[in-house]
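Letters A, B, ... are given to chains in the order of the sequence lines, protein chains preceding strands, and every chain is numbered from 1.
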Amino acid sequence: MKNAMGMVFLARTILTKPNCPASASKLRYYSSLPSSPLANNKLFVGGLSWSVDEKSLTDAFSSFGEVTEVNILYDKDTGRSRGFGFVNFSKEDDARCAKDAMDGKALLGRPLRISFALEKVRGGPVVVPHLSKIGDIATRNT
DNA sequence: TATGAGCGA
């Protein structure tokens, strides 16, 4: 079984994440203001083929780092993929690496359009009470 | 059935 070693090397080759020379942009933004609406660990992946599911997306991106979350948005009615999704990495270097490497590359026949995801609502939704309801309650309780 | 810019339960 001299192929066993070869298999190990093959596996290591697949599992080894490609090194990213473009990791020089380790700038940190110290502003407390939401000046950058871009998430650093999360990628917006558009241009997905409608036959791509979360598993194939994970397989396509997990070689660049630790993928912590993968979401594909499906249409409520038809159940079909809406053609885009989100891939979350544990390190932003890996996310940038995957973006640089996979942006424009085709997956299942369609070129991927990758960019950093827009930062989702920070701290949860802000519930603004409706003024008419408040008036209602006020008149009812007096 | 076929279709293709964008940012989410």
Side-chain contact check for A:Trp50: nearest option of B:dT3, B:dG8, B:dG6 is B:dT3
Which whole-number value in Å describes the distance from A:Glu119 CD to B:dG8 C1'? 13 Å
When you compare the side chain of A:Asn71 with that of A:Glu69, does any pair of heavy atoms fall below 4.5 Å? yes
Can you tell me how far apart CD1 (A:Ile72) and OG (A:Ser56) are? Round to the nearest 0.5 Å. 6.0 Å
Students often get this wrong, so: under 4.0 angstrom with heavy atoms, is A:Gly47 touching a base, only sugar-phosphate, or nothing? base
Ring-ring centroid check A:Phe64 A:Phe89, cutoff 6.0 Å: no
A:Phe86-B:dG8 aromatic stacking (under 5.5 Å, under 30°): yes
Among B:dG8, B:dC7, B:dG4, which nucleotide sits nearest the side chain of A:Asn71? B:dG8
Using a strict cut-off of less than 4.0 Å between a Lys/Arg side-chain nitrogen and an Asp/Glu carboxylate oxygen, indicate whether A:Lys55 and A:Asp59 qualify as a salt bridge. yes
By the 4.0 Å heavy-atom rule, please label A:Leu48 as base, sugar-phosphate, or nothing. base
For A:Phe116, which contact category applies under a 4.0 Å heavy-atom criterion: base, sugar-phosphate, or nothing? base
Round to a whole Å and report the spacing from NZ of A:Lys42 to C1' of B:dA9. 12 Å
A:Asn88 vs A:Val70 side-chain heavy atoms within contact, under 4.5 Å: no
Rounded to whole angstrom units, what separation is found between the CZ atom of A:Arg80 and the P atom of B:dA5? 13 Å
Quick one, which residues of residues 105-112 of chain A touch DNA chain B with a heavy atom under 4.0 Å? A:Arg110
Using a heavy-atom cut-off of under 4.0 Å over every strand shown, decide if A:Thr78 touches base, sugar-phosphate, or nothing. nothing
To the nearest 0.5 angstrom, please state how far the CG atom of A:Leu48 sits from the CZ atom of A:Phe84. 9.5 Å
